[in-house]
Protein chains: 2
Amino acid sequence: MRAGIDLVRAEGSAALSLREIARRAGVSHGAPRRHFPTHLQLLSTIARAGFADLAARVATALADAPADPRARVVLLAGVYARFATEERGMFELMFRHDLLESGHLGLRGTSMPLFGLLVDLVAEAKPADAPPEVTAGALWAGLHGVVQLWNWGSLPLATGLPGPEPLLEAVITAHMGGVR
Amino acid sequence: MRAGIDLVRAEGSAALSLREIARRAGVSHGAPRRHFPTHLQLLSTIARAGFADLAARVATALADAPADPRARVVLLAGVYARFATEERGMFELMFRHDLLESGHLGLRGTSMPLFGLLVDLVAEAKPADAPPEVTAGALWAGLHGVVQLWNWGSLPLATGLPGPEPLLEAVITAHMGGVR
DNA sequence: TGGCAGGAGTAGACAACGTCTACGATCTCC
DNA sequence: GGAGATCGTAGACGTTGTCTACTCCTGCCA
């Protein structure tokens, strides 16, 4: 499993074959089967570790941050975007549809605590607006979409910007208002 | 190629093996190689057909629609979301990172006309605001993120909503203002 | 202390896949 | 009517995920 995490960070999500992971771990190709009944389950477990890592990064970033909810969302977005570029292979793995769909293993639920945090921040910032789940959902989708479309080059090509930061700012401002 | 399009619509993007496409087309597994040097190039071509289909649907939907730019964006978002759910396999294929990245074949560019349309609509609606490319980029990312996260179940789980429409509305309103 | 059940790893088989190569058919144009 | 190009076939090769038999090793209980 640790071998899988190292591998996805070093070689990207496309290199994560079951046999290559076993090779890196120094065991035979049948060994992982004792612990993970199928390849997808192994990948799901690795992806879950990725979600845990992301949540930990967000937590440490928000630990000693100002209390203003908008500032905290900006921080969160920065961590999200940095994670997606620095841990690109892991990010790709985490949001592979075939993992999330065929799962039923609750991989989806792994991102819910982070979403709950976002809901709280939105509710704190705009208590009397639309339901905070809706605003937070749209906000999350905006951040995710920017990161994803930016990461594979569609948004850089479309906007000509040097970095995704203006887009993240635009998303946050659109959903949470401007600086106060 | 037509066999590939039929296959992805019937069985999803995971079923698109080169040999299965050839089987459906009634030819041997080596035959596609005469026309597409590699499997990825065949998939890219199929994905390009998907982008063309999406653009055509948007065009017909906007053909006899009111001139109000916000209403047109709402229409565009609806077509985008409907395409993603009705042609789920094709949509997954169109935004597979390994196609867009390893390409250099200009698959990315295929979505640029649609983006240009969005830029125009944004510029028309809010002529004196932030650069229209930035707003349009954030808007596109928001729509794409909603559709994607909705499609694989994260957003339904997070928000508890029955459909993605409120989220799409929230994204559009956030970036283009409310109804007038 | 001896025997033994169960977990963990190995090695090999199998079908399916993408790629490559040699070969055959068919069609066009000089 | 034959030459050349285009297209499809058939088989090989290496790799992958899964499955099955076999072998250790470890800890427990009589």
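Just so it is clear, the values below take in all heavy atoms, side chains as well, and ignore hydrogens, waters and symmetry mates. Every chain is numbered from 1 and lettered A, B, ... according to where its sequence line falls, protein lines coming before strand lines. Note that the coordinates shown come from a computational prediction; the quantities given were computed from them, not determined experimentally.
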Using whole Å, report how far [atom1] of [X] lies from [atom2] of [N].
X	N	atom1	atom2	result
B/Arg23	C/dA15	CZ	P	14 Å
B/Phe36	D/dT6	CZ	P	16 Å
A/Gln41	D/dT18	CD	P	10 Å
A/Leu43	D/dG17	CG	P	9 Å
B/Ile21	C/dG18	CD1	C1'	12 Å

Report yes if a side-chain nitrogen or oxygen of B/Thr38 is closer than 4.0 Å to either non-bridging phosphate oxygen (OP1 or OP2) of C/dT19; otherwise report no. yes
Quick one: does B/His29 reach the base of D/dG8 with a side-chain donor-acceptor pair under 3.5 Å? no
Do other residues, nucleotides or ligands put more than 12 heavy atoms under 6.0 Å from A/Arg23 CZ? yes
Contact residues, residues 5-19 of chain A to DNA chain D [heavy atom, < 4.0 Å]: A/Ser17, A/Leu18, A/Arg19
Which part of the nucleic acid, if any, lies within contact of A/His35, taking any heavy atom under 4.0 Å across all strands shown: a base, the sugar-phosphate backbone alone, or nothing? sugar-phosphate
Hey, are A/Arg9 and A/Glu92 close enough for a salt bridge, meaning a charged N less than 4.0 Å from a carboxylate O? no
Kindly assign one of parallel, tilted or perpendicular to the pair A/His175 and B/His175, based on the angle between their ring planes and the thresholds 30° and 60°. perpendicular
Name the residue from B/Phe51, B/Trp152, B/Phe83 that meets the ring pair (Phe, Tyr, Trp, His ring centres under 6.0 Å) definition with B/Phe95. B/Phe51
Given the options A/Phe91, A/Trp150, A/Phe115, A/His144 meets ring pair (Phe, Tyr, Trp, His ring centres under 6.0 Å) only with A/Phe91
Membership question, hydrophobic clusters at under 4.5 Å side-chain separation (ILVMFWY): are A/Leu7 and A/Met1 in the same one? yes
Here's a test of your reading of the structure: between B/Gly30 and A/Gly26, which maps to the more 5' nucleotide of DNA chain C? A/Gly26
Where the side chain of B/Arg34 is defined as all heavy atoms beyond and including C-beta, which of D/dA10, D/dG8, C/dG9 is the nearest nucleotide? D/dG8
